[in-house]
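Beneath this line is the structure, given in structure tokens, with notes to follow.
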Amino acid sequence: MTADPLLTLFLPAALGIIMLGLGLSLSLADFARVAKFPRPVLIGLACQLLLLPLACFFLAKLFGLAPALAVGLMLLAASPGGTTANLYSHLAHGDVALNITLTAVNSVVAILTMPLIVNLSLAHFMSADQAIPLQFAKVVQVFAIVLGPVAIGMWLRSRFPHFAERMQKPVKIVSALFLLLIILLAVAKDWRTFVEYAPAVGGAALAFNLLSMAVGYCVPRLLKLDLRQAIAMEIGIHNGTLAIALALSPALLNNPTMAIPAAIYSLIMFVTAALFGLWVNHVHGAELVEPVAQGDGA
């Protein structure tokens with residue numbers, strides 16, 4: 001695939017706007033909360049950084065995915081959550097503060113863990129002549145594309161809180177439109193491969209999505225965290241936009257096939273997350289409407 005000017009300009013701009021919107025909802029207090037209530041955050045990070053990539057690896061093996069598709073699914077597993085996860089957590093009466101904190105911390109940590117997981121996946125699933133390692137210079141570029149807009153959004157919120165509050169809704173709408181455009185772009189760039197592999201990738205993407213939400217709900221419950229902390233969608237919903245952008249970008253992985261799992265996943269998650277939220281409210285509705293004291297779930 002050649003360096004399409006549309007990809008070169010549009011993807012960083014779209015991702016930048018999406019991450020700016022995320023930054024508008026974050027503050028330094030979200031990071032400070034880790035020190036105050038570390039246990040839920042550490043459990044969430046352990047699920048995201050260890051359990052889910054490992055589970056995704058076995059799913060890629062189980063479904064017999066083609067090498068590029070397997071790497072694409074691993075790229076998705078390595079991606080943090082985002083604004084969509086925060087929205088669904090709110091609708092399901094989850095701990096939105098915990099969700100935002102996980103988003104903030106994981107967005108930073110993922111800059112280091114994503115290249116590691118991607119490079120290991122490339123080395124395992126693809127031969128040397130197929131692999132395009134995510135090298136240090138590209139890691140720096142990802143760092144700038146992802147965390148730069150987040151930092152700007154946080155700065156705007158700290159200096160102009162009323163402006164940031166007013167901008168959150170329109171930026172979320174624009175972000176949703178950009179997400180749709182990025183999914184369509186990912187599908188269009190490799191339509192034949194999409195049609196050929198959609199059944200297999202769809203099954204793997206659905207299985208990974210359901211498994212992610214199950215881990216995000218069951219592990220905190222088993223470890224005796226508060227119910228609301230088990231509904232934080234950050235663990236169960238991954239940032240498909242980031243995965244697609246990294247896969248498609250000519251300056252990074254430059255492989256549209258790797259974007260297909262994230263594109264399919266991003267469509268599936270809207271339905272499954274909504275159904276999960278409805279199920280949680282049906283089963284635990286009475287508990288969720290009662291006020292609970294702040295705590296770390298210990």
Side-chain angles (χ1 to χ4, degrees), residues 1 7 10-12 14-16 18-19 22 48-49 52-53 55-57 59-60 65-85 103 106-107 109-122 125-126 132-134 138-139 141-143 145-147 150 175-176 178-190 193-194 197-198 201-202 204-209 211-212 233-270 273:
M1 187 173 78
L7 293 178
F10 172 74
L11 279 176
L15 187 58
I18 291 171
M19 300 311 291
L22 175 60
Q48 285 183 308
L49 301 178
L52 292 181
C56 183
F57 173 81
L59 281 176
L65 296 182
L69 295 174
V71 174
L73 195 65
M74 292 299 297
L75 173 61
L76 177 66
S79 300
T83 53
T84 305
T103 299
N106 203 30
S107 294
V109 175
I111 299 300
L112 302 176
T113 57
M114 284 185 72
L116 175 63
I117 292 173
V118 170
N119 281 326
L120 289 174
S121 301
L122 287 166
F125 289 107
M126 304 183 77
I132 309 172
L134 200 57
K138 295 181 179 181
V139 174
Q141 185 175 353
V142 173
F143 188 91
I145 292 173
V146 174
L147 287 190
V150 171
S175 297
F178 272 131
L179 171 59
L180 178 60
L181 286 173
I182 289 172
I183 293 171
L184 293 175
L185 182 62
V187 173
K189 291 302 293 183
D190 210 14
T193 305
F194 181 85
Y197 290 108
V201 180
L206 176 61
F208 180 61
N209 174 245
L211 181 62
S212 295
M233 296 278 192
E234 172 73 15
I235 300 172
I237 298 179
H238 300 266
N239 194 335
T241 311
L242 178 59
I244 294 171
L246 294 182
L248 288 182
S249 176
L252 297 172
L253 290 171
N254 194 30
N255 191 318
T257 305
M258 292 181 184
I260 292 175
I264 295 177
Y265 176 96
S266 297
L267 295 173
I268 291 172
M269 74 178 185
F270 286 110

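Both backbone and side-chain heavy atoms feed into the values below; hydrogens, waters and symmetry mates do not.
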Residues Leu122, Met258; criterion side chain to side chain contact (heavy atoms under 4.5 Å, CB included); working and verdict: CA-CA 11 Å; Leu122 287 166; Met258 292 181 184; 3.7 Å; yes
Leu242 side chain near Pro80 side chain, heavy-atom distance below 4.5 Å: yes
Set of side-chain hydrogen bond (donor to acceptor under 3.5 Å, both in side chains) partners for Ser212, sequence neighbours left out: His238
Test side chain to side chain contact (heavy atoms under 4.5 Å, CB included) applied to Ala55 - qualifying residues, sequence neighbours left out: Leu211
Contacts of type side chain to side chain contact (heavy atoms under 4.5 Å, CB included), residue Ser79, not counting sequence neighbours: Met114, Asn239, Ala243
Smallest separation among heavy atoms of Ile268 and Gly202, with atom names: CD1-O, 3.9 Å
Closest contact, heavy atoms only, Ala262 versus Gly240: CB-O, 3.8 Å
Nearest-0.5 Å distance, CG of residue Leu248 to CD1 of residue Ile260: 9.5 Å
Evaluation steps, side chain to side chain contact (heavy atoms under 4.5 Å, CB included), between Leu253 and Leu75: CA-CA 11 Å; Leu253 290 171; Leu75 173 61; 3.9 Å; yes
Residues which pass side chain to side chain contact (heavy atoms under 4.5 Å, CB included) with Leu116, listed by chain and number, not counting sequence neighbours: Leu120
Minimum-distance pair of heavy atoms, taken over all atoms of Leu73 and Ala204: CD2-CB, 4.2 Å
Nearest-0.5 Å distance, CZ of residue Phe125 to CG of residue Leu69: 11.0 Å
Residue pair Leu49 / Val109: nearest heavy atoms and the distance that separates them: CD1-CG1, 3.6 Å
Minimum heavy-atom distance between Ser266 and Ile244, given as atom pair plus value: OG-CD1, 4.4 Å
Shortest non-hydrogen contact from Ser121 toward Val71: O-CG2, 3.8 Å
Separation of Leu206 CG from Leu59 CG (nearest 0.5 Å): 10.5 Å
